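Below is one structure, written out as structure tokens; the observations come after it.
Fair warning: this is a prediction, and the values are worked out from it, not measured in the lab. Just so it is clear: chains get the letters A, B, ... in the order the sequence lines come, proteins before strands, and each one is counted from 1.
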Amino acid sequence: MLVPEFQTSPGMRDILPPESARWRRFVEVFAQVSEAAGYGQVISPLLEDLGVFQRIGDATDVVTKEMYDFVDKGGRHIALRPELTASVCRAFVQHRPLTPWKVWYTGSQFRYEKPQRGRYRQFDQVGIEVLGADDPYLDVEIMALGWQFFRALGLSQVTLLLNSLGEPADRARYVHALQAYFEANLSSLSEASKVTLQKNPLRVLDSKRPEDAPLIAAAPRIAEFYSPLAAAHFEAVQAGLTALGIPFTIDPKLVRGLDYYRHTTFEYTGGTLESAQNALGGGGRYDGLVESLGGPSTPGVGFALGLDRTLIACDDEGVFAPPVTDVDVFVVDTTGGLQALQITDQLRAAGISADRAFENRSMKSQMKVADRSGAAWAVIVGSNELEAGEVVVRPMRTGDAHDSTQSGQTTILRTDLLEYLQKAMS
RNA sequence: GUGGUCGUAGCUCAGCUGGUAGAGCAUCAGGUUGUGAUCCUGAGGGUCGCGGGUUCGAGCCCCGUCGAUCACCCCA
């Protein structure tokens, strides 16, 4: 095999047609669902000051080990965004829009991880955030929009996992208790989890090592630490979901990766296969993040979905196939190509999609390409037609589509072509 | 970052205990005089991821490296 000198960097890839059209459609559907709920798109830079992301927390690998950061020519220490919530909050603090600020976004993010299927160093997400309202029904609205989006894609096997981390003080007391619990049972904890325990006791709950399972199962539950306010918020969220008929599973072990979360946290998991990468997306409430970025105390809630993982789930369920991008008309020209050049240009200008072959290939060859193009009509120009000022219009998708006889096709004046096609296609 | 598996034509793969590579699909061209399926014929396309080593000789063995993938980790 000829080895290319250059290839994509690890964990980065090219999205080619028709998959690229599917990506675009994916974002379009998300935009529809979001904008129908009053959300507007925010487009923020790929790069931010490193500090913006450091506010996310220092107990997460996303910030401590996985950032693409560098010093630019002006001496600023900046980073490729590893996530978008912090950028949105930064934008909020910078521009101070009216609240509640309801936005949606899409874009690439970067994390220096070891790549795997459904986990890339450059990956895309869609997401929504709302800043400036702490109504538990807003949490529900957010989750419901995600749910609607999955339904719009055709996914039916998504599970909604739900938990609450309580208020910051609740969370702190729980972390403390958890730490005490694990430390009292340190001997039966895996080595890796001992390390995790030092950094972030909550994350020990996420360990998938079998030897940790019994200890985790018997660990204290966050629910025992809720303040009355936190308990009320969580109950309202559950009541809202129930009122909307959205099924959910409470998972007390659900602690999201980024440690700015308060109260509600949730995650959508794909129904097929229990892969390590089956989390399609997730989110929650982060009532402290805006403040930590220098803004006023502002509640926030949102979620993000991974494009790749969600599309993998679509593949598994056999839904949301790449859109068909067939052209309306294929122009076959055996007289050198100038006719095809003019006809395709004329048709396109009139809103009829049209394609053609190049390099003046044989009629048979051009007809094969026309067939493959999926065009409903072939417009054929040979020397006879050119001389007579005519074109042949041949339907490609009717009855015996591959009949090589010339029945069904019509010869018309070249000047009548546009009108003929417009009529035939309406 | 740690460990396992894998890496042969554009794609999916075959290649027995080592003897200088094959199939299907795809592509292209023909099958008489200007027309798409199928069918028939033919053609192009690979220094077997890359680099070393062992051997008279390696796609098959060994080492390294790069990449993909799976698990851990992390998370979307």
* For A:Ser34, which residues count as a side-chain hydrogen bond (donor to acceptor under 3.5 Å, both in side chains) partner, sequence neighbours excluded? ->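 Counting only residues at least two positions away or on another chain, A:Ser34 forms no side-chain hydrogen bond (donor to acceptor under 3.5 Å, both in side chains).
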
Who does [N] pair with, Watson-Crick or G-U, both distances under 3.5 Å?
N     : answer
B:C16 : none
B:U69 : B:G4
B:G64 : B:C50
B:G59 : none
B:C11 : B:G24
B:C39 : B:G31

All N/O pairs under 3.5 Å across the protein-nucleotides 64-68 of chain B interface:
| unit_1 | atom_1 | unit_2 | atom_2 | d |
| --- | --- | --- | --- | --- |
| B:A68 | OP1 | A:Gly11 | N | 3.3 |

* Identify the residue among A:Phe320, A:Trp104, A:Phe26, A:Tyr39 that makes a ring pair (Phe, Tyr, Trp, His ring centres under 6.0 Å) with A:Phe149. =>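 Exactly one pass, corresponding to A:Phe26.
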
* Is it true that A:Arg372 and A:Asp326 have a side-chain N and a carboxylate O under 4.0 angstrom from each other? ->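 Salt bridge absent between A:Arg372 and A:Asp326.
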
[atom1]-based separation of [M] from [N] [nearest Å]:
N     : M     : atom1 : value
B:C48 : B:A21 : C1'   : 8 Å
B:U38 : B:C6  : C1'   : 38 Å
B:G7  : B:C75 : C1'   : 27 Å
B:G19 : B:C56 : C1'   : 10 Å
B:A9  : B:A23 : C1'   : 11 Å
B:C39 : B:A76 : C1'   : 50 Å
B:U8  : B:G15 : P     : 13 Å
B:U35 : B:U47 : P     : 38 Å

Given the structure, check if the side chain of [X] and the base of [N] hold any donor-acceptor pair shorter than 3.5 Å.
X        : N     : value
A:Arg372 : B:G36 : no
A:Gln409 : B:U35 : yes
A:Arg203 : B:C73 : no
A:Arg111 : B:C74 : no

* Asked: With sugar-phosphate meaning primed atoms plus P, OP1 and OP2, does A:Thr310 contact a base, only sugar-phosphate, or nothing at under 4.0 Å between heavy atoms?
  ->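 Nothing, no heavy atom under 4.0 Å.
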
* Assess whether side chain to side chain donor-acceptor pair (under 3.5 Å) is satisfied between A:Glu129 and A:Tyr286, documenting all intermediate values. => CA-CA 10 Å; A:Glu129 312 285 348; A:Tyr286 45 90; 2.5 Å; yes

Closest nucleotide among [options] to the [X] side chain:
X        : options             : result
A:Thr196 : B:C75, B:C74, B:A29 : B:C74
A:Asn384 : B:G34, B:G1, B:G36  : B:G34
A:Arg209 : B:C72, B:G36, B:C73 : B:C72
A:Met363 : B:C75, B:U35, B:A76 : B:U35

For [X] and [N], give me the distance from atom [atom1] to atom [atom2], rounded to whole Å.
X        : N     : atom1 : atom2 : value
A:Phe330 : B:U35 : CZ    : C1'   : 13 Å
A:Lys368 : B:U38 : NZ    : P     : 8 Å
A:Arg309 : B:C74 : CZ    : P     : 13 Å
A:Gln366 : B:G36 : CD    : P     : 12 Å
A:Leu254 : B:C75 : CG    : C1'   : 12 Å
A:Lys364 : B:G30 : NZ    : C1'   : 8 Å
A:Met67  : B:A76 : CE    : P     : 14 Å
A:Met396 : B:A37 : CE    : P     : 9 Å

* To do: Decide whether a cation-pi geometry holds between A:Arg356 and A:Phe358; the criteria are a distance under 6.0 Å from NZ or CZ to the six-membered ring centre and an angle within 45° of the ring axis.
  =>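 Verdict for A:Phe358: a cation-pi partner in A:Arg356.
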
* To do: May I ask you to check if A:Arg111 and A:Tyr68 form a cation-pi contact, with NZ or CZ under 6.0 angstrom from the six-membered ring centre and within 45° of the axis?
  =>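 No, A:Arg111 and A:Tyr68 do not form such a contact.
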
* Asked: Between A:Asp355 and A:Ser373, does any side-chain donor sit less than 3.5 Å from a side-chain acceptor?
  ->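 The answer is no; no qualifying pair exists.
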
* Verify side chain to side chain contact (heavy atoms under 4.5 Å, CB included) between A:Tyr420 and A:Thr410, making sure each step is shown before the conclusion. => CA-CA 11 Å; A:Tyr420 182 92; A:Thr410 352; 3.1 Å; yes

